[in-house]
Amino acid sequence: MTLTVSDDEASKIERLARDAGALALSHFRTLATVSVESKGHLDLVTAADQEVEAFITKRLIRDFPDDGVFGEEGAAHQGTSGRTWVIDPIDGTFNFVRGGDQWAISIGLYQGGRPSFGVIHAPVRDQTLVGGDGVPATLNGVPMAARAGLDENRAACGVGFHPVIPVAQRLHTLQFVLEDARMSFRCCGSATISLIEVALGQVDGYLGTGESTWDLMAALPILEQIGIVSTVDWSAIELNAKIRFACGTPEFLEAVAPIVPFGATL
């Protein structure tokens with residue numbers, strides 16, 4: 001398989017994610033002083049998000065001057081290499097401002113019209129995942145086990161909804177999960193953390209509705225290395241698009257195909 005990044009580049013991105021995590025933690029430990037503004041109902045952006053994205057963007061431009069940068073909080077740098085680094089500075093901002101541990105820094109590489117490499121760092125949980133094309137998936141430097149199968153007796157999935165998704169649509173999804181797929185579900189408020197749970201086998205898959213590309217850009221190439229697949233048709237997706245997708249073992253995707261087929265859109 002063609003290498004998307006060199007070992008040195010992968011190491012640089014991992015160090016960057018860890019350094020960004022340390023910066024985010026400095027805000028997390030002083031939550032009472034962090035300014036918070038609302039982008040919409042239950043959709044928050046903090047000074048920490050903005051500072052972490054600016055920090056990551058500056059390093060990326062320094063270390064990869066020919067590459068593009070695209071960030072949740074507005075970072076935009078036009079590259080010439082055909083590679084674009086996609087940043088979610090703090091995925092799970094609501095959890096962050098509530099003092100929870102379910103948030104993470106996500107840095108993914110978009111190349112050839114698809115995600116090809118990613119690093120995720122969840123600082124409070126001390127979890128760092130790395131992987132992509134030609135780069136085996138690791139958790140804190142340890143190779144991750146392949147995932148497969150679906151035990152119907154204890155099947156479970158993560159679910160996530162953007163706040164603008166109508167309640168009726170959310171209830172329809174949950175009804176399918178509970179009655180048709182006969183699974184239990186988890187909802188933690190961070191697509192990145194939910195996808196880590198898929199990677200670790202804590203759930204069989206994830207159903208996301210209204211997610212942004214930056215929510216899964218780093219996670220999907222990592223998960224692909226351990227046998228996890230998704231329904232996203234990247235040939236039909238723009239970087240600023242909202243996505244409805246399923247991600248999990250092949251057996252999980254088969255089970256949820258009636259509600260989220262390959263290439264499903266909002």
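Because the structure is predicted, anything quoted here is derived from the model rather than measured. Heads up: numbering here begins at 1 and tracks the sequence.
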With a 4.5 Å limit on heavy-atom distance, are the side chains of [X] and [Y] in contact?
| X | Y | value |
| --- | --- | --- |
| F252 | C157 | yes |
| V5 | L109 | yes |
| K242 | S212 | yes |
| P143 | P136 | no |
| T84 | D67 | no |
| Q50 | E72 | no |
| T57 | L60 | no |
| F55 | L16 | yes |

So, the side chain of [X] versus the backbone of [Y]: is there a donor-acceptor pair under 3.5 Å, distance only?
| X | Y | answer |
| --- | --- | --- |
| N140 | T128 | yes |
| E53 | E73 | yes |
| D88 | G71 | no |
| T213 | L239 | yes |
| T231 | A246 | yes |
| E197 | Q202 | no |

Please find the pair of heavy atoms, one from [X] and one from [Y], that lie closest to each other, and give the distance.
| X | Y | result |
| --- | --- | --- |
| M183 | L150 | CE-CD2, 4.2 Å |
| C247 | I228 | SG-CG2, 3.5 Å |
| G21 | I105 | CA-CD1, 3.6 Å |
| I165 | R170 | O-NE, 2.9 Å |
| A199 | L129 | CB-CD2, 4.3 Å |
| F176 | V256 | CE2-CA, 3.9 Å |

Could you check whether [X] pairs with [Y] (Lys NZ or Arg NE/NH1/NH2 to Asp/Glu carboxylate O, under 4.0 Å)?
| X | Y | value |
| --- | --- | --- |
| D7 | K12 | no |
| R147 | E251 | no |
| R15 | D19 | no |
| R83 | D66 | no |

Stepwise, does the side chain to side chain contact (heavy atoms under 4.5 Å, CB included) test hold for V86 with I107?
CA-CA 6 Å; V86 179; I107 306 173; over 6 Å; no
With rounding to the nearest 0.5 angstrom, report the [atom1] to [atom2] distance, [X] to [Y].
| X | Y | atom1 | atom2 | answer |
| --- | --- | --- | --- | --- |
| Q102 | C188 | CD | SG | 4.5 Å |
| T30 | L25 | OG1 | CG | 10.5 Å |
| L23 | I90 | CG | CD1 | 8.0 Å |
| D215 | S190 | CG | OG | 8.0 Å |

Taking atom types as modelled and ignoring hydrogens, do the side chains of [X] and [Y] form a donor-acceptor contact shorter than 3.5 angstrom?
| X | Y | result |
| --- | --- | --- |
| D204 | T249 | no |
| H27 | E51 | yes |
| S235 | D233 | yes |

Same apolar cluster (I L V M F W Y, side chains within < 4.5 Å links), [X]/[Y]:
| X | Y | result |
| --- | --- | --- |
| M217 | L223 | yes |
| L253 | V232 | no |
| V69 | L216 | no |
| I226 | V229 | no |
| L220 | F262 | no |

Show, in sequence, the C-alpha distance, side-chain angles and deciding distance for E9 and F64, and conclude whether the side chain to side chain contact (heavy atoms under 4.5 Å, CB included) test is met.
CA-CA 9 Å; E9 289 177 322; F64 306 95; 3.6 Å; yes
Check the orientation of W85 and F117. Use parallel for under 30°, tilted for 30 to 60°, and perpendicular for over 60°.
perpendicular
What about W103 and F28, are their ring centers closer than 6.0 Å?
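Between F28 and W103, which both carry aromatic rings, the centre distance is below 6.0 Å.
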Derivation of the side chain to side chain donor-acceptor pair (under 3.5 Å) call for D133 and S116:
CA-CA 6 Å; D133 294 354; S116 59; 4.8 Å; no
Could you walk me through whether T209 and F245 pass the side chain to side chain contact (heavy atoms under 4.5 Å, CB included) check?
CA-CA 7 Å; T209 305; F245 76 105; over 6 Å; no
Whether over 12 other heavy atoms sit under 6.0 Å from Q169 CD
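Yes, enclosed.
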Just wondering, more than 12 heavy atoms not from R18 lying within 6.0 Å of its CZ?
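Check passes, neighbour count above 12.
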In chain order, what residues pass the side chain to side chain donor-acceptor pair (under 3.5 Å) check against D49, with sequence neighbours excluded?
T46, T93
Enumerate the residue pairs fulfilling salt bridge (Lys or Arg N to Asp or Glu O under 4.0 Å) with a member in residues 90-106, sequence neighbours excluded, ordered by first and then second residue.
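Every salt bridge (Lys or Arg N to Asp or Glu O under 4.0 Å) pair that includes a residue of residues 90-106, provided the two are not neighbours, is D101-R125.
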Test log, rule side chain to side chain contact (heavy atoms under 4.5 Å, CB included), inputs F70 and W214:
CA-CA 9 Å; F70 179 80; W214 50 74; 3.6 Å; yes
